[in-house]
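What follows is a short report on a single structure.
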2 protein chains.
Amino acid sequence: MSTLSIGDLARRTGVPVETIRYYERMGLLPKPPRTEGNYRAYEAGHERRLAFVKRSRDLGFGLDAIRALLDLADGADRPCGEVDALARDQLAEVERKIADLTAMRAELQDMLGHCRNDTVADCEIIGRLRGK
Amino acid sequence: MSTLSIGDLARRTGVPVETIRYYERMGLLPKPPRTEGNYRAYEAGHERRLAFVKRSRDLGFGLDAIRALLDLADGADRPCGEVDALARDQLAEVERKIADLTAMRAELQDMLGHCRNDTVADCEIIGRLRGK
DNA sequence: TCTTGACCCTGTAGCGACTACAGGGTGCAG
DNA sequence: CTGCACCCTGTAGTCGCTACAGGGTCAAGA
């Protein structure tokens with residue numbers, strides 16, 4: 001056969017077996033045909049779809065957005081404005097998180113830079129957590 | 001009275017009422033005394049402690065780390081090496097997240113930069129999600 | 001043939017840090 | 001005395017997995 005077990009698919013895509021089953025339950029992957037012994041039997045189309053999901057997850061898209069992207073990807077003739085909008089929303093979200101984390105990093109670095117390694121009573125870090 | 005209701009405390013600290021009750025259940029805040037009508041009655045010490053928790057959360061510390069920081073903050077005479085270590089761990093975590101998000105941002109920006117706003121079939125974004 | 005072990009199945013519970021009810025009680029102003 | 005804002009407990013939902021428990025399947029080796 002040219003079919004893949006769920007374990008094969010997991011190895012090829014780097015997505016854990018449990019996560020593949022989870023994506024199926026969430027409606028991101030179609031239910032594959034089963035073997036006589038009730039094992040899932042995947043084909044190349046399933047692997048491509050899962051790879052799409054994984055790349056989208058790696059870019060931080062949520063499962064709802066990925067469902068939408070998959071739907072859009074299936075309609076070849078439609079304009080890609082909606083795809084663009086989803087990507088833009090995701091970029092905005094990523095930039096918001098970077099801004100938050102950059103502020104945290106600055107404060108943590110500053111706290112650590114002032115640490116004189118003495119007792120907790122005089123600790124700059126504790127002092128700032130208590131309210132500067 | 002100089003005591004605060006949970007709503008007062010929420011307004012003063014910017015921490016939602018439900019979250020304050022949650023922190024109490026999680027052992028981050030001591031159980032406050034109650035009024036006759038079974039309302040929580042907070043004092044200044046509670047407000048300081050909650051402010052400490054909030055500042056720590058704003059820096060991204062997890063609740064376990066905050067519990068540890070609170071314990072350390074109470075022992076004034078001990079050296080602050082453990083505090084330092086917790087802050088360093090947190091900084092490393094923040095830097096890891098920034099690195100991940102920065103890579104996502106670059107890829108999203110690149111995808112959007114190549115979008116020629118035509119049909120989904122030729123869409124650069126979809127194309128890259130499918131596997132470049 | 002039997003057994004071992006790796007794999008697969010379903011269903012459910014747990015994670016972190018909240019958030020959102022449902023279904024009730026309290027307390028004060030008009 | 002009647003609203004209404006506020007408070008109480010307890011439980012369930014969020015997101016995206018992850019980790020069992022308790023079983024079934026299947027191929028290789030003794």
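Nothing here was measured: the structure is a model prediction, and the numbers come from that model.
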- With the sugar-phosphate defined as primed atoms, P, OP1 and OP2, and the base as all remaining atoms, what B/S/- string results for nucleotides 10-15 of chain C, 5' to 3', for protein heavy atoms under 4.0 Å? B-----

- Task: For A/Leu29 and D/dC17, give me the distance from atom CG to atom P, rounded to whole Å.
- Result: 11 Å

- Query: To the nearest angstrom, how far is B/Arg11 atom CZ from D/dA5 atom P?
  - Reply: 13 Å

- Task: Output yes when at least one side-chain N/O atom of B/Thr19 is less than 4.0 Å from OP1 or OP2 of C/dT19, else no.
- Result: yes

- Query: Just how far, in rounded Å, is C1' of D/dT18 from CD1 of A/Ile20?
  - Reply: 14 Å

- Item | Carboxylate-amine/guanidinium proximity below 4.0 Å for A/Arg96 and A/Asp100 | yes

- Item | Whether A/Arg57 side chain and A/Phe61 backbone form a donor-acceptor pair below 3.5 Å | yes

- Message: Judged by each residue's nearest nucleotide on DNA chain C, which is more toward the 5′ side, B/Leu63 or B/Tyr39?
- Response: B/Leu63

- Are any side-chain N or O atoms of A/Gln90 and backbone N or O atoms of A/Gly60, one a donor and one an acceptor, separated by less than 3.5 Å? yes

- Ion pair B/Glu47/B/Arg12, N-O distance below 4.0 Å: yes

- Distance in angstrom units between A/Leu50 CG and D/dG16 P, rounded: 16 Å

- Query: Salt-bridged, B/Asp71 to B/Arg67, with N to O below 4.0 Å?
  - Reply: no

- Query: Taking only side-chain nitrogens and oxygens of B/Tyr23, does any of them come within less than 4.0 Å of OP1 or OP2 of C/dC18?
  - Reply: yes

- Hey, could you give me the CZ/OG1 distance between B/Arg55 and B/Thr13, rounded to the nearest 0.5 Å? 10.5 Å

